[in-house]
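So the structure is just underneath, and the comments pick up after that.
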Amino acid sequence: FFFEAAGSHALKGGVQYEKVSNEVASGEVANLYTIRWGLPARFAPVIGTYGSLGVRRFGTFGGAASKNLGIYLQDSWSVLPNLTLNIGVRTEQEEVPNYGVAANGIENAWEFDFGDKIAPRLGFAWDVMSDQKLKVYGSWGYYYDISKLNIRGSFGGDKWIEYMYPLNTLDWETIPAQGNCTNSTNNASINPCPGFGTPVTSDLRYPADPSDPLFGVDPDIKPFQQEEFQIGADYQLTTTSTLSARYVNKSVMHAIEDMGFFYCFSEVECVEGYNIGNPGEGVGGIDPPGPVPAQPKAERDYQAIELSWNRRFAERWSARVGYTYSELTGNYPGLASSDEFGRTSPNTNRLFDYVHNSFDQNGNAVYGDLNTDRPHQIDAQFIYEFGWGTSVGVNQYYGSGTPISTQVNYNAVPFFAYGRGDAGRTESLTRTDLLISHPFKISNFGLELSVNVLNLFDEEAILLVDPLISNGDLCGPQDPNCDGSQDYFFGNLPQNPATIPADEANPYYKKANVAGSTGDPYQTRRTIRLGLKFTF
């Protein structure tokens, strides 16, 4: 809708409705046997002559769906011939399904109404000298995310009961036969390996229930919210080139995570339960009695200054050079957790599971440079077209290394004993890419051949290193008084990683993390792609 009122307006609005759904049936088709030679079980003080044995059969099953209804209104207001304001607001309604615990009669695990997700947007663009040579622009707004469907795992979709036995044999190949083992059914009352005696069990995916004050959802849960601000300028140097500068600031205001705790119904049956909410806020911010502190608030702050020079394609060549100086700090690495090498379990990562996960050996909340922080980045592109039609393009990238933060296990859950970034940074990352293409004209058709070489010089930078300083545990057999509780951890500060026996040191500490990573810890090797494009 267009109208005039103190300038010209272009008003528009819209409605968005989406239903996101999927069904999952994945997991281990048979038992996974984990042997810890000379070590107790990961989740209980169970140890035999030669160590401990864990048996599990993890899986994720079932369908889930969420519904979202969004509304927005936006006005592009030309206040002056050289000044435009963009003013808008968006809001949405979100329903997150109560998967797996339908018997309690609660349809949704939580809901957000329109009043919970009001997102104002403000922006401007100013042609400073009214000659289209210098443009100054900026924007500010709130941005909300929808909860991801892997939340089903917190409400019964994930199945993982760990059965733990003392290990009294060295003949590991015959363990299934010795234990008369059958496949786990993830039922704590059914022993999959009766030949090894009665196990200690830990349900590591104990389902949350919105109606349960212990294993439930914060009734005042807030949606995931981020605030973003930017201001920049573009200046036309010549008819073919521009200089640009931009400042960006993004901060997470509220994060949603499951906050884990250990709870035992008996000496042989324990569970890892979860409260789902906003870390450091509401239920997630309560300071319990005793030495255990409250969960810290989730923080993720990014700010950057970006400078660039751009030359559009003219006289057979174009180029761009950009430099970014940035910092990424906090204690919340994001929906894809870089603390776990890019684990994509949004809203249900290991983050904030057990309070000590967010604290150092002295009981101080840990904040600092996050794992994907690269303070200096340079990228440059150059394209040249020869007179006979062949084009050559080169892309060059440089990025400073990312922080290395030493981790130590306490009751099988890691924490940053010495804070974030204590062990330096990975090596700098550089990469050169090359593209060569040549077109052919065949009657009324076109044919283009190309070769694209990524990482031309086959550079081998290490991107991920193993941060775990020891294969042992601060709550291991070297400390028989440790019960694995949060009270013990915070009641016996400082925690000293040097008390873990030297023979349990991790030989891969600060080396390429091959076994523990979800992806290749090395920079992608040289890749050559041949292309054929046919146009008509």
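All figures in this text were calculated on a predicted structure; none of them were measured in a lab.
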Keeping the roles fixed (side chain from [X], backbone from [Y]), state whether a donor-acceptor pair exists under 3.5 Å.
X	Y	value
Gln178	Gly195	no
Glu228	Ser251	no
Arg526	Leu456	yes
Asp433	Asn395	no
Asn22	Ala65	no
Arg36	Ser52	no
Arg420	Gly368	no
Ser184	Asn186	yes
Asn411	Gly484	yes
Asp369	Pro403	no

Item to complete: Decide side-chain hydrogen bond (donor to acceptor under 3.5 Å, both in side chains) for Asn455 and Thr527; before the verdict, give the C-alpha distance in whole Å, the side-chain angles of both, and the deciding distance to 0.1 Å.
Response: CA-CA 7 Å; Asn455 193 7; Thr527 303; over 6 Å; no
Can you confirm whether [X] sits close enough to [Y] that some side-chain heavy atom of one is under 4.5 Å from a side-chain heavy atom of the other?
X	Y	result
Arg152	Val96	no
Asn275	Asp258	no
Glu94	Ser147	yes
Gln295	Ser358	yes
Pro375	Ser400	yes
Phe43	Met164	yes
Lys159	Phe58	no
Trp37	Leu170	yes

Reported [atom1]-to-[atom2] distance for the pair [X] and [Y], which is rounded to 0.5 angstrom:
X	Y	atom1	atom2	value
Phe416	Asn364	CZ	CG	15.0 Å
Asn357	Gln486	CG	CD	9.0 Å
Asn98	Trp110	CG	CH2	10.0 Å
Leu167	Thr49	CG	OG1	8.0 Å
Ile151	Ser66	CD1	OG	11.0 Å
Asp422	Thr406	CG	OG1	3.5 Å

Does a donor on one side chain and an acceptor on the other come within less than 3.5 Å for [X] and [Y]?
X	Y	answer
Thr432	Gln396	yes
Tyr33	Asn31	yes
Thr499	Asn496	no
Ser485	Asp487	no
Asn506	Ser470	no
Tyr143	Gln226	no
Asp158	Thr60	yes
Asn371	Thr402	no

Discussion item. Could you walk me through whether Thr430 and Phe457 satisfy the side-chain contact (heavy atoms from CB on, under 4.5 Å) test, starting with their C-alpha distance in whole Å, then the side-chain angles of each, then the deciding distance to 0.1 Å, before giving a yes or no?
Written reply: CA-CA 10 Å; Thr430 59; Phe457 300 112; over 6 Å; no
Item to complete: Decide side-chain hydrogen bond (donor to acceptor under 3.5 Å, both in side chains) for Asn191 and Tyr165; before the verdict, give the C-alpha distance in whole Å, the side-chain angles of both, and the deciding distance to 0.1 Å.
Response: CA-CA 11 Å; Asn191 184 356; Tyr165 308 86; 2.6 Å; yes
Discussion item. Please check if the number of heavy atoms outside Lys250 that lie under 6.0 Å from its NZ is greater than 12.
Written reply: no
Worksheet item: Heavy-atom count around Tyr508 OH within 6.0 Å, excluding the residue itself: above 12?
Response: no
Fill in: Stepwise side-chain contact (heavy atoms from CB on, under 4.5 Å) check, Tyr17 with Leu69
CA-CA 5 Å; Tyr17 173 78; Leu69 177 62; 4.2 Å; yes
Item to complete: Could you walk me through whether Ser326 and Gln303 pass the side-chain hydrogen bond (donor to acceptor under 3.5 Å, both in side chains) test, one step at a time?
Response: CA-CA 6 Å; Ser326 65; Gln303 58 178 339; over 6 Å; no
Practice prompt. Evaluate the criterion salt bridge (Lys or Arg N to Asp or Glu O under 4.0 Å) for residue pair Arg350 and Glu340; output intermediate values, then yes/no.
Written response: CA-CA 8 Å; Arg350 200 40 154 162; Glu340 301 169 84; 5.8 Å; no
Worksheet item: Using the ring of each side chain (for Trp, its six-membered ring), is Tyr410 parallel, tilted or perpendicular to Tyr488, with breaks at 30° and 60°?
Response: parallel
Discussion item. Check this for me: does any side-chain nitrogen of one of Lys510 and Asp466 sit under 4.0 Å from a carboxylate oxygen of the other?
Written reply: no
Discussion item. Quick test of your reading of the model: are Lys117 and Asp145 salt-bridged, counting only N-O distances below 4.0 Å?
Written reply: no
Worksheet item: Going through the checks in order, is the salt bridge (Lys or Arg N to Asp or Glu O under 4.0 Å) test met by Arg205 and Asp203?
Response: CA-CA 6 Å; Arg205 291 295 185 273; Asp203 189 339; over 6 Å; no
Item to complete: Start with the C-alpha gap between Phe415 and Phe489, add the side-chain angles, then the distance that decides, and say whether ring-ring contact (aromatic ring centres under 6.0 Å, His included) holds.
Response: CA-CA 11 Å; Phe415 68 102; Phe489 182 92; 5.1 Å; yes
Worksheet item: Going by the side chain to side chain donor-acceptor pair (under 3.5 Å) test, which pairs reach into residues 277-289, not counting sequence neighbours?
Response: His254-Glu281
Discussion item. Could you go through Arg56 and Glu28, starting from their C-alpha distance and side-chain angles, then the distance that decides it, and tell me whether this counts as salt bridge (Lys or Arg N to Asp or Glu O under 4.0 Å)?
Written reply: CA-CA 9 Å; Arg56 80 172 197 198; Glu28 295 154 354; 2.6 Å; yes
Discussion item. Could you go through Thr348 and Asn150, starting from their C-alpha distance and side-chain angles, then the distance that decides it, and tell me whether this counts as side-chain contact (heavy atoms from CB on, under 4.5 Å)?
Written reply: CA-CA 8 Å; Thr348 60; Asn150 68 286; 2.7 Å; yes
Worksheet item: Closest heavy-atom contact between Phe224 and Ile256?
Response: N-CD1, 3.9 Å
Worksheet item: How far apart are the C-alpha atoms of Leu429 and Arg374, what are their side-chain angles, what is the distance that settles it, and do they pass the side-chain contact (heavy atoms from CB on, under 4.5 Å) test?
Response: CA-CA 10 Å; Leu429 173 64; Arg374 291 189 186 272; 3.8 Å; yes
Item to complete: Quick one: do Gln93 and Asp113 satisfy side-chain hydrogen bond (donor to acceptor under 3.5 Å, both in side chains)? Show the steps, please.
Response: CA-CA 5 Å; Gln93 186 182 63; Asp113 210 343; 3.2 Å; yes
